[in-house]
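Step one of this worksheet: look at the structure below.
Numbered from 1 within each chain, the chains take letters A, B, ... in sequence-line order.
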Amino acid sequence: MFRITKKESFTKAEAIIYRLFGFSVGIIFSGIIIAALGYPVFKTFISLAEGSFGSSIAIRNTISFLIPLSVTALGLSIAFKMRYWNIGGEGQILMGATAAMGVSMVLPSGMPGPLMMLSMLVAGFIGGSIWALIPGFFRINMKTNETLFTLMMNYLAICFVQYLYFELWRDPAKKGFPGIQDIPFRARIPYVSGISLAILAPLIIVLVVYFLIKKTKLGYEIRVVGESEPTAHYAGMNVKKIMFVGVMLSGGIVGVAGAVKLMGSTGTLSSSLGGGAGFTAIVIAWLANLSAPMIVLVSFLIAALEQGAQFIQVRMGVPAAVADIVKGLILMSVLGSEFMLRYKILFGVHTASKKLEERASVDPTMQDSDPESEVVEDSI
Amino acid sequence: MESIVRNDLHPAFSMRGITKMFGTVLANDSVDFEVLPGEIHALLGENGSGKSTLMNVLSGIYRPDDGQIEVYGELKEFRSPGDAIDSGIGMIHQHYKLAEAMTATENIVAGMKKPPKNSGKKDDVLRTDILRYASRSPAKTQQKIIEFSSRFGIEFDPSIPAGQLSVSQKQSVEIIKVLLRGASILILDEPTAVLTPQEAKKLFSVLRKMAAQGCAIVFISHKLNEIMALCDRVTVLRKGQSIETCTVSEIDAYDLVEKMVGRKINLSINKPDPDPERRVCLDVKGLTYSDSKSVPKLDNLSFTTYYGEILGVAGLAGGGQKELCESIAGIIRPQQGDILVDNERIAGLSPRDITQKGVAMCFIPEDRLGMGLVASMGIEENILLKEYALTKGPLIRMKDATTKAEQIINELEIKTPGLKHPVRMLSGGNIQKVILGREIHLNPKLMIAAYAVRGLDIHSSYTIYNLLNEQKQKNVSVLYIGEDLDVLIDLCDRIMVLCQGKNMGIVDASSTTKEEIGQMMSGTTLEELKRGVSYV
């Protein structure tokens, strides 16, 4: 018999210790599995680290993983702040990239590179936001379920891009093979001393999102709407307008992630351009508790893990499934530590004297809170 | 007192040393509580004193960290609410849990268990009968239920869907439901909160009959006069501890309050005279509103309020009070009618439009955390709620809000660990003070306060009354939606009574009685009362 109760609070130090502990538990468990399968444990883990940070190529790859993940997660976090479940990141990435691709095909080829890139980024924003606003319109005006609607829009976007790939934008120069032409070279994001300037995208957007949420009226309104729509109405906010703008920004930023991916790494459009980033970003946004700076940090860890897992497949000959297990176990343990951080598990029946001891050490200001309204308690 | 206290018997139940901890809060601290068969026993305490926790422990919802429960002399350990029901403990919650589409009978029968053979309880035959007939002959089942109910003087038609029953009838169904599950120990959690005075009187006679037949009744209430009128003994809880158990006939209300609060408190509300000029502030004409399911909520409602007075609004729950407040505040749009403040038309305008028109109005909504505040934000960000739109530019200005928040905290003595501490973590009284402080700082000429003291302890309630009276003296026109008729009479200058969205009449608080208001609440207009017609 045990019970789970919510903790009143935790300190920063506790938070770090719990997360490190969770990470270690993940490492230990995946180590056991690796050993059981007959692979050298330490070497595998060293390779994992090497794969993500070991060389300049590894770091570059990790960063190129990080960019779409973090930008997408930042975009989604704006919608999540409003309790608008935008699960359509993948579709918005694709449509952002599609719009950027379209613009690059239409613009005169003699156009200066920076101007072309800027127009493609704007197109990406517009493409993503339109794709997000379709379900958004129905949600705002007719209260449809945005979770399902945005999810379905992903598949529509994939099919649409496939149609472009095989039919409408099929490049005749590929001699019968399906595919879309590459974007002009001048539209590709340049490298400076080996690092793609695409890294500027998450760095700028994290500042923009942080500033928007914390310092602007719109950000404040978004937070209030997310917390309670009746309160927003009560304060005289135009909830529909705020939701509209919020969804537009959310989809737009995700669309920019698609455009950046197109211009910074793939160079052409295909339905696999998103690569699942739209879904992974959901996990990242929540793991980071919707805090903009934390999103970049968490994206970095996930990207590193992803990159390392790929590397051990090559270096150690570990099967892809095992690499996935390692990735999953570490992620799950970190998630588990979040739970342990916020809740505590009580075993058996506590004695009154122990309670009284605990009570003596309680912060006096907490005594004022109403116990019956505060408690989250489950018996298992 | 009609009920008989049989001291020679075992107590119906006794709880000893009950301790229950939530996080770091000690909700029950070795509480002792026992009730005899045939006794109506009041459980009195302020909010957060641990009443609900104690009763949830007794009904098996919470498991105590320490302590013992004996039921009819037998040591029990409840692992679930089912265990408590099997031991004969039944709880009537404040919010009824009936399937609205099913008939009263179906609600009663659903979930009933066949009594064990030879259990020796007197109603076993009846219960077996009811269960046997349940699937075959609804008419016979209903007959049995009517018979059973009439023993306690409970009357309702068991064949109508529960959704169509009145609030007090729903309560009766709940009581019968619990009794037919074999309960002989009944816990009623603030049962009169939703009843008219007349219905409450009826409930009391039912409870007395039940006690006379040997039931043990725990009566949870804030209302001292009810406890004095109904109960045999009272146990006072304070800050999670059982302070004292006393016989009601040997104690007066002032002593009880002192035991409950821990110090002496003046129970009278001082009432400053209203402004004699009687200048009209709010003028409501023919207001009509139906909700999205086209259920009429306000029906051709007209009234005026004056500067420097408090106009009380009385009525049963769901009588249109919420819709009235929200129409005036601009949150919902009435379909018909007009609302004028200082001859300025505001009906149908949004809250922001109303402010921009220069109409200084403030509204303290019923749902404090769900509508009046942003629960997870701190005080300063909640102060910002009504201010941020007034500044120029796209950025919020935190500094002004911080200064104002500090000022309000000082003025109203709000207890909080910090400006950024989430308001939902504050106590009910402090939460209400945050809203009131913010709204008063808007310098309103019209103030709407809906259930401003609901759920607050006595001390906080009196602070709120004083704040409202201060506003009245500043010549603000106050519209006060209330529940407790005694408070309405003591606090307000005039009282408007609503019944199903209609204005039943406005009475002068100094000359009216609770009975008069009660009759109006259940649908008799003031004119009819004066002519001597009554439907109650």
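B:Leu385 touches chain A through backbone and side chain together, each having a heavy atom under 4.5 Å away. There is no contact between B:Ala329 and chain A, counting heavy-atom distances below 4.5 Å. Of the two parts of B:Leu369, only the backbone, made up of N, CA, C and O, holds a non-hydrogen atom closer than 4.5 Å to a non-hydrogen atom of chain A. B:Arg438 touches chain A through its side chain: at least one heavy atom from C-beta onward sits under 4.5 Å away, while N, CA, C and O do not. Only the side chain of A:Glu221 comes within contact range of chain B, with heavy atoms under 4.5 Å apart. With a 4.5 Å cut-off on non-hydrogen atoms, B:Glu326 does not touch chain A at all.
Other residues, nucleotides and ligands place more than 12 heavy atoms under 6.0 Å from the CE atom of A:Met294. Other residues, nucleotides and ligands contribute at most 12 non-hydrogen atoms within 6.0 Å of the NZ atom of B:Lys322. By the 6.0 Å contact criterion, NZ on A:Lys215 is open, its count of non-hydrogen atoms from other residues, nucleotides or ligands being 12 or less.
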Test A:Val224 against B:Met377 for side chain to side chain contact (heavy atoms under 4.5 Å, CB included), laying out the working first.
-> CA-CA 9 Å; A:Val224 174; B:Met377 291 184 181; 4.0 Å; yes

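How far OG1 of A:Thr231 is from CZ of B:Arg368: 13.5 Å, rounded to the nearest 0.5 Å. Residue A:Tyr234 holds its OH atom at 7.0 Å from CD1 of B:Ile364, rounded to the nearest 0.5 Å.
Shown here for B:Ser376 and A:Glu227, the closest heavy-atom pair between the two residues is OG-OE1, 2.6 Å. In terms of heavy atoms, A:Ser228 sits closest to B:Gly370 at OG-O, 2.6 Å.
Taking 4.5 Å as the heavy-atom cut-off, the residues of residues 350-360 of chain B that approach chain A are B:Pro351, B:Arg352, ordered by number.
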Residues 243-251 of chain A side chain polar contacts: donor-acceptor under 3.5 Å, at least two apart:
unit_1   : atom_1 : unit_2  : atom_2 : d
A:Ser250 : OG     : A:Gly75 : O      : 2.9
A:Ser250 : OG     : A:Asn86 : ND2    : 3.2

Distance-only donor-acceptor hits, side chain of residues 390-400 of chain B, under 3.5 Å, sequence neighbours excluded:
unit_1   : atom_1 : unit_2   : atom_2 : d
B:Thr391 : OG1    : B:Tyr388 : O      : 3.1

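By the ring-ring contact (aromatic ring centres under 6.0 Å, His included) test, A:Phe137 pairs with no residue at all, sequence neighbours left out.
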